[in-house]
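Both backbone and side-chain heavy atoms feed into the values below; hydrogens, waters and symmetry mates do not.
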Amino acid sequence: MSYDFKKIENKWQKRWEEKKVFSAKENPKKKKFYCLDMFPYPSGTGLHMGHAFVFTLGDIFARFKRMQGFNVLYPIGYDALGLPAENAAIKVGIHPEEYTKKSIANFMKQQKAMGWSYDWSRMINTSTQEYYKWDQWLFLQMMKKGLAYRKKAPVNFCKKCDTVLANEQVVNGKCWRHDDTEVEIKNLEQWFFKTTNYAGELLKCLDNLDWPERAKTMQRNWIGKSEGAEILFEIEGKKYPIFTTRPDTLFGVTFLVVSAQHSELANFVKQKQKKDVENFLKKIKSTKREEVEKLDKEGVFSGSFAIHPLTKEKIPVWIGNFVLAEYGSGIVMAVPAHDQRDLEFAKKYKLPIKQVIRKEKAPVRSYLMGASKIKDSDLINLEIKIIEKTKDGDFKIEIPKTRLKDYEKLITEKMDDGFWNEYLGEEIVFIFKFNSGKIKRLILNDDTEEEVDKLAHDFMKESKWNKSCVWKWLAENSFYTDLIVHTDFGILVNSDEFNGLFSEEAKEHIVKALEAKKFGRKVTQYKLRDWLVSRQRYWGTPIPIVYCDKCGIVPVPEKDLPVKLPNNVKFGKGNPLATNEKWINVKCPRCGKFGRRETDTMDTFVNSSWYYLRYADPRNDKKIFETKKANYWAPVDMYIGGPEHITAHLIYARFYTKFLADLGLIKFREPALRYFTQGLVRGSDGEKMSKSKGNVVEPLETINKFGADSLRLYLVSNSSSDRDFDWSEKEIQNSFNFTSKVCDYFANFKAGKSDARVDNKLNRTIKEVASYAEDFAHNLAVIKIRNLFSYFYDKEIDKKTAESFLKMLHIYCPFVTEEIWENLGNKEFISIAEWPKCDEKKINEKFEKEEKAVEQLVGDINNILKIIKEKQKSAKKIFIYSLPNEKEMFSENLDFISKKLNLNVKIFAVNDKNKYDPEKKSSKAKPGKPAIYVE
RNA sequence: GCGGGUAUGCCGGAGUGGUCAAACGGGCUGGAUUAAGGCUCCAGUAGCUUAGUGCUUGCGAAGGUUCGAUCCCUUCUACCCGCACCA
């Protein structure tokens with residue numbers, strides 16, 4: 001039963017490595033496929049089950065594509081620079097470099113044990129100077145293009161550490177090392193990358209990517225595009241731009257609020273209010289970070305007034321704690337009547353509230369056309385106001401919301417009178433859009449429905465209008481004979497010439513009016529911020545900059561790269577790099593006089609933003625990579641990695657790719673065309689695996705127990721790979737049993753002849769497995785493979801069937817299949833064998849039906865046997881009476897049936913005169929369902 | 001608050017306009033094997049009914065579209081995830 005998986009797995013690990021089976025070479029004649037797993041952070045604890053899962057998914061895909069004949073690049077590397085390594089190293093008291101080396105060696109051992117088919121010759125390690133040299137080179141290129149710059153910014157700072165912290169090091173507003181120390185926000189000079197330059201493109205290109213919808217949405221939210229207007233308000237003689245998404249509420253502005261962190265705050269504060277403002281600012285500064293979110297809206301009057309760009313009214317300028325300095329211009333126009341936050345503020349400080357949009361009272365408008373059976377009086381009784389009545393008898397009406405139901409009833413009643421019959425066949429549509437948003441079609445002509453739907457859909461997509469506008473527009477274009485306009489956004493009031501407009505329309509009109517007077521324009525804002533890349537940490541890429549008293553910020557010349565991380569530093573307080581004076585003191589590359597190196601290093605995400613390109617040409621010491629090679633392999637065709645990277649790594653990688661394309665180094669603009677996020681492997685208790693919960697299962701431990709093949713098989717046979725699942729010892733045992741059974745079967749395998757049924761099953765399986773594997777539905781693919789196996793388990797099969805089966809199983813269980821493959825007499829590796837082709841001609845629906853009929857029959861017989869048993873009778877013989885034309889079908893499976901039942905089975909055609917049928921059961925036979933007699 | 005997702009047996013999960021809801025696995029029950037346990041094998045696992053082929057219930061809840069819906073539409077509920085004082 002059991003097999004020596006340790007021996008087999010060791011043997012093939014070695015052979016694959018020796019023969020360099022998985023090393024990739026450019027070949028313009030062959031279609032490439034770039035399959036990539038997000039490279040791991042080599043921690044000292046080694047691989048965890050999550051790694052095992054995600055890399056197995058990648059390996060399966062790489063093997064699958066390789067066998068399908070693609071020229072597959074499947075590389076691996078280590079994202080070795082970063083905070084955790086530095087801290088772990090400090091904890092154990094060794095140098096981060098040593099720590100990292102050890103971790104990587106440990107990782108490699110385990111990765112090989114898992115049977116992952118990496119091209120080890122392309123391995124990269126971001127902590128080597130050969131790699132980070134190019135991080136520095138890219139930094140210089142960004143500087144040239146103005147994409148890397150230095151500015152003052154608010155950052156997290158821990159007093160006790162005396163250093164700036166990464167966001168990851170801030171836990172609940174406190175330093176992760178000192179949970180009694182609040183993180184302070186300090187304004188410090190930092191290096192940034194101008195990711196915002198690409199905000200629009202980053203957003204737009206998402207549409208064409210084959211990524212999970214969730215990932216795309218998250219990125220869209222992160223980039224956070226909002227369209228609105230920038231409106232100029234004059235404050236104390238100077239014009240300030242203010243961003244709003246609701247220019248339609250411009251007439252409702254009753255005050256402005258300036259961020260307490262606004263750089264020009266002092267300009268707004270009048271002498272009289274100075275003290276109040278100072279007190280207020282003090283109070284804000286003393287509030288703790290974690291409390292900020294729960295804070296009430298608070299503010300103080302600045303003493304200044306702004307001038308409304310259209311009405312020229314005087315509007316008080318306040319200072320508020322809820323306005324972000326970094327978003328928009330740091331000043332907001334407050335419309336308390338139509339914004340919850342502004343309303344709170346206005347109520348608190350008794351500021352005026354001016355309604356400019358009639359929402360509650362806005363009636364529902366309807367265009368009632370061809371309503372010949374409806375009288376004016378019917379409508380008036382329902383408090384429906386007739387705005388207009390045309391010659392043709394059409395109504396333009398306003399219905400109070402309270403009477404909507406009655407109106408609906410009226411229309412329905414009139415229609416029951418045959419109201420709409422006369423319109424049948426004339427492409428007339430009756431559509432109601434109710435308050436709830438529900439759309440009810442009373443009658444439609446098929447062609448029209450499609451046309452109108454498409455029209456409405458397209459229209460909404462193209463325009464920035466909301467639904468109500470679309471419906472109104474449609475009504476005006478007479479596509480609908482009856483239409484209720486649902487006023488989601490209300491109608492403008494108290495807004496001079498804009499009164500009566502739908503708010504969506506008003507946005508455009510008002511912006512146009514502002515543009516004409518040069519008081520504003522249409523703009524687009526993004527939430528995406530520039531990327532802060534400076535870190536006051538040792539284990540990162542040194543920023544290639546020298547500060548010179550005379551020349552200022554001087555980039556290190558390209559020829560002097562890399563700026564190496566000095567080995568001799570003291571860990572402990574502050575930035576370790578600052579402790580090596582020898583390294584810091586350097587001649588200014590420009591003037592040759594005294595200069596000092598930048599001691600900040602780059603964020604670890606810098607290293608991972610372009611690594612996928614380095615794999616294309618990993619040993620190049622002249623260039624970052626050969627453009628030709630990069631263009632051959634990249635972009636990544638299949639990228640696999642956890643969802644936690646969606647808003648950081650994947651944004652950065654996309655940004656880098658666009659930048660590199662603009663440099664002319666590559667000809668594509670997206671790093672990964674397809675992206676898959678795997679689920680989480682939880683402990684058997686359904687909780688996340690963690691040491692403290694004691695539910696951790698280590699891959700290596702499992703490999704020792706069941707072998708890598710069984711672990712791999714188990715990991716993917718659970719559910720769809722993008723879902724979380726709980727570890728189960730029982731089920732991995734099950735996978736192990738299967739692997740063992742396959743080994744046993746092939747231990748004594750002798751090729752024979754396959755019959756048409758086996759051929760049918762095989763080809764069907766080939767077809768299904770390929771499509772499942774392509775979609776990461778490995779659970780289903782595995783089921784099909786197992787079904788095939790149990791189907792031929794006790795049958796004679798030919799060599800081709802056996803080999804096809806092994807090939808399909810190979811992507812899941814690479815080791816055993818190599819072993820069996822060799823035992824069958826193959827000289828080449830199964831790893832590079834050709835994926836089986838499906839012969840459609842051999843798929844026969846008849847067999848499937850037959851199989852079902854036989855199974856049904858067995859089920860029926862079992863049922864009878866059960867009942868008999870309950871009656872304390874015993875059964876020895878089974879007689880089956882099928883319709884004459886079906887006799888062959890069942891008799892062919894007679895062996896199978898009697899084996900299943902473990903009883904003697906005889907079959908007769910119902911018209912067989914010599915049949916044994918003492919109870920005349922044969923008369924019960926039906927097509928596909930033979931009669932049964934049990935004795 | 002905004003956005004996205006999910007909802008199927010005891011559990012993990014298939015299926016998706018009809019001809020089959022629950023494939024496959026786990027659990028549980030019974031049986032075979034065994035000294036016993038494990039492994040393995042066989043059968044059963046919504047209800048009723050009958051020596052099987054029948055009927056009913058049923059895919060979170062309620063409506064709707066359809067000749068027909070677990071699947072499409074609307075609303076609601078629950079859970080998960082992401083973002084969030086973003087103007």
Side-chain angles (χ1 to χ4, degrees), chain A residues 1-2 212-222 224-226 228 242-246 249 256-257 259 292-297 320-324 326-335 339-342 344-345 434 436-441 444 449 525-529 643-644 646-647 686 714 717-720 722-726 728-731 733-738 740-741 777 779-780 782-784 786-787 790 852 856-871 873 875 899-902 919 921 924-935:
Chain A
M1 187 67 227
S2 179
E213 213 39 58
R214 173 168 88 120
K216 292 207 237 182
T217 326
M218 273 172 75
Q219 285 214 353
R220 279 191 196 108
N221 289 343
W222 191 263
K225 181 178 177 175
S226 47
I242 284 172
F243 178 72
T244 178
T245 53
R246 294 291 305 275
T249 61
L256 300 187
V257 189
S259 166
V292 169
E293 279 164 33
K294 297 169 211 148
L295 275 185
D296 264 1
K297 321 282 169 260
N321 65 348
F322 65 94
V323 180
L324 298 174
E326 313 95 74
Y327 186 78
S329 59
I331 310 176
V332 298
M333 59 178 232
V335 187
D339 182 280
Q340 189 55 37
R341 219 179 20 210
D342 296 346
E344 275 176 47
F345 196 84
F434 294 106
S436 58
K438 183 160 80 176
I439 296 165
K440 191 171 173 183
R441 293 196 165 79
L444 296 172
E449 182 183 7
Q525 274 281 339
Y526 295 96
K527 275 196 260 184
L528 186 78
R529 306 285 161 74
E644 68 274 17
I646 293 169
T647 45
Y714 162 69
S717 47
N718 264 291
S719 59
S720 330
D722 54 350
R723 292 219 203 180
D724 297 349
F725 67 94
D726 302 348
S728 157
E729 187 82 10
K730 276 264 181 192
E731 291 187 43
Q733 177 72 50
N734 183 284
S735 293
F736 175 73
N737 294 345
F738 174 72
S740 307
K741 208 169 162 184
N779 53 331
L780 303 180
V782 168
I783 287 167
K784 295 296 171 189
R786 291 179 69 148
N787 277 348
S790 55
K852 269 185 192 162
Q856 179 91 43
L857 178 64
V858 173
D860 288 346
I861 296 172
N862 266 322
N863 210 343
I864 299 171
L865 292 175
K866 194 180 149 201
I867 293 165
I868 286 180
K869 206 176 171 192
E870 277 163 11
K871 294 188 174 170
K873 288 184 205 164
K899 204 172 171 187
K900 272 259 173 194
L901 299 167
N902 207 13
E919 289 193 19
K921 294 283 184 191
K924 286 195 170 183
K926 281 179 187 170
K929 283 173 181 170
I932 303 154
Y933 174 63
V934 175
E935 195 174 68

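Pairing of B:C76, defined by two Watson-Crick or G-U wobble distances under 3.5 Å, is identified with B:G60. Pair check for B:G82 finds B:C2; Watson-Crick or G-U wobble, both atom distances under 3.5 Å. Nucleotide B:C20 has no partner under the Watson-Crick or G-U criteria, as no pair reaches both atom distances under 3.5 Å. Nucleotide B:U33 forms no Watson-Crick or G-U wobble pair with any nucleotide shown, as no partner meets the under 3.5 Å limit on both distances. When both distances must be under 3.5 Å, the Watson-Crick or G-U wobble mate of B:U45 is B:G27. Using Watson-Crick or G-U wobble geometry with both donor-acceptor distances under 3.5 Å, B:G9 finds no partner in any strand shown.
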message: Would A:Val332 and A:Leu256 count as a side chain to side chain contact (heavy atoms under 4.5 Å, CB included) here? Give the steps.
response: CA-CA 6 Å; A:Val332 298; A:Leu256 300 187; over 6 Å; no
task: Step by step, work out the side chain to side chain contact (heavy atoms under 4.5 Å, CB included) result for A:Val257 and A:Met333.
output: CA-CA 6 Å; A:Val257 189; A:Met333 59 178 232; over 6 Å; no
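Under a 3.5 Å cut-off, the side chain of A:Tyr714 and the backbone N or O of A:Ser728 do form a donor-acceptor pair. A:Thr245 places no side-chain N or O within donor-acceptor distance of the main-chain N or O of A:Gly228, the cut-off being under 3.5 Å. Side chain of A:Thr244 to backbone of A:Arg246: a donor-acceptor contact under 3.5 angstrom is found. The backbone N or O of A:Ile646 sits less than 3.5 Å from a side-chain atom of A:Gln219, completing a donor-acceptor pair. Formation of a donor-acceptor pair under 3.5 Å by the A:Asn221 side chain with backbone atoms of A:Gly224 is not found in this model.
On the P atoms, B:U6 is 29 Å away from B:U57, given to the nearest whole Å. As rounded to the nearest Å, B:U75 and B:U29 have C1' atoms that lie 43 Å from one another. Atom C1' of B:G60 sits at a distance of 15 Å from the matching atom of B:G5, rounded to the whole Å. When the P atom is used for both B:G9 and B:U70, the distance is 14 Å, rounded to whole Å. A distance of about 15 Å separates the C1' atoms of B:C28 and B:A46, rounded to the whole Å. Nucleotides B:A62 and B:G25 place their C1' atoms 34 Å apart, quoted to the nearest Å. Taking atom P in both B:G30 and B:U19, the straight-line distance is 36 Å, to the nearest Å. Atom C1' of B:G27 sits at a distance of 7 Å from the matching atom of B:C10, rounded to the whole Å.
Rounded to whole Å, atom C1' of B:A87 lies 17 Å from atom OH of A:Tyr526. Here B:C85 presents its P atom at 20 Å from CE of A:Met333, a figure rounded to the nearest Å. When the C1' atom of B:G4 is taken as reference, atom CH2 of A:Trp222 falls 16 Å away, rounded to whole Å. Nucleotide B:U40 holds its P atom 14 Å from the CZ atom of A:Phe738, rounded to whole Å. To the nearest angstrom, C1' of B:A43 lies 15 Å from CD1 of A:Ile864. If you measure from atom CG of A:Asp339 to atom P of B:C2, you get 13 Å, rounded to the nearest angstrom. The nearest whole Å value for the distance from the CD atom in A:Glu729 to the C1' atom in B:C39 is 15 Å. Between the CG atom of A:Asp724 and the P atom of B:G12 there is a distance of 13 Å, given to the nearest Å.
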Give every pair of a protein N or O atom and an N or O atom of nucleotides 23-31 of chain B that lie under 3.5 Å apart, one pair per line with the distance.
from  : atom 1 : to       : atom 2 : distance (Å)
B:G25 : O3'    : A:Asn734 : ND2    : 3.1
B:G25 : O2'    : A:Glu731 : OE1    : 3.4
B:G26 : OP1    : A:Asn734 : ND2    : 2.4
B:G27 : OP1    : A:Lys730 : NZ     : 3.0

Quick one: which protein N/O atoms are closer than 3.5 Å to N/O atoms of nucleotides 78-81 of chain B? Pair and distance per line, please.
from  : atom 1 : to       : atom 2 : distance (Å)
B:C81 : O2'    : A:Arg214 : NH1    : 3.3

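Nearer to the 5' terminus of RNA chain B, by closest-nucleotide assignment, is the contact made by A:Leu857 (compared with the other of A:Val332 and A:Leu857). Comparing A:Val858 and A:Ile932 along RNA chain B, the residue whose closest nucleotide (by nearest heavy atom) sits nearer the 5' end is A:Val858.
Residue A:Pro930 is classed as a base contact, given a heavy-atom separation below 4.0 Å to a base. Using a 4.0 Å heavy-atom cutoff across all strands shown, A:Thr647 reaches no nucleic acid atom at all. Residue A:Ile861 is out of contact with every strand shown, counting any heavy-atom pair closer than 4.0 Å.
Every residue two or more places apart in sequence or in another chain that forms a side-chain contact (heavy atoms from CB on, under 4.5 Å) with A:Asp860 is listed here: A:Gln856, A:Ile932. Applying the ring pair (Phe, Tyr, Trp, His ring centres under 6.0 Å) test to A:Phe345 and every residue at least two apart in sequence or in another chain returns A:Phe255, A:Trp318, A:Phe322, A:Tyr349. Under the ring pair (Phe, Tyr, Trp, His ring centres under 6.0 Å) criterion, A:Tyr327 pairs with no residue at all, not counting sequence neighbours. Remark: A:Ser717 pairs with A:Ser735, A:Val782 by the side-chain contact (heavy atoms from CB on, under 4.5 Å) rule, at least two apart or across chains.
Checking B:A87, B:G3, B:A14 against the side-chain heavy atoms of A:Arg723 singles out B:A14 as nearest. Taking every side-chain heavy atom of A:Val323 into account, B:A87 is the closest of B:A87, B:A14, B:A51. Of all nucleotides listed (B:U53, B:A87, B:G13), B:U53 comes nearest to the side chain of A:Asp860.
Between A:Tyr327 and the phosphate of B:A87, there is a side-chain N or O to OP1/OP2 separation shorter than 4.0 Å. At the phosphate of B:U40, OP1 or OP2 sits under 4.0 Å from a side-chain N or O atom of A:Asn737.
Taking the O4'-C1'-N9-C4 or O4'-C1'-N1-C2 dihedral as appropriate, B:G9 has a value within 90° of 0 and is therefore syn.
A:Arg214 CZ to A:Asp722 CG: the interatomic distance, rounded to the nearest 0.5 Å, is 9.0 Å.
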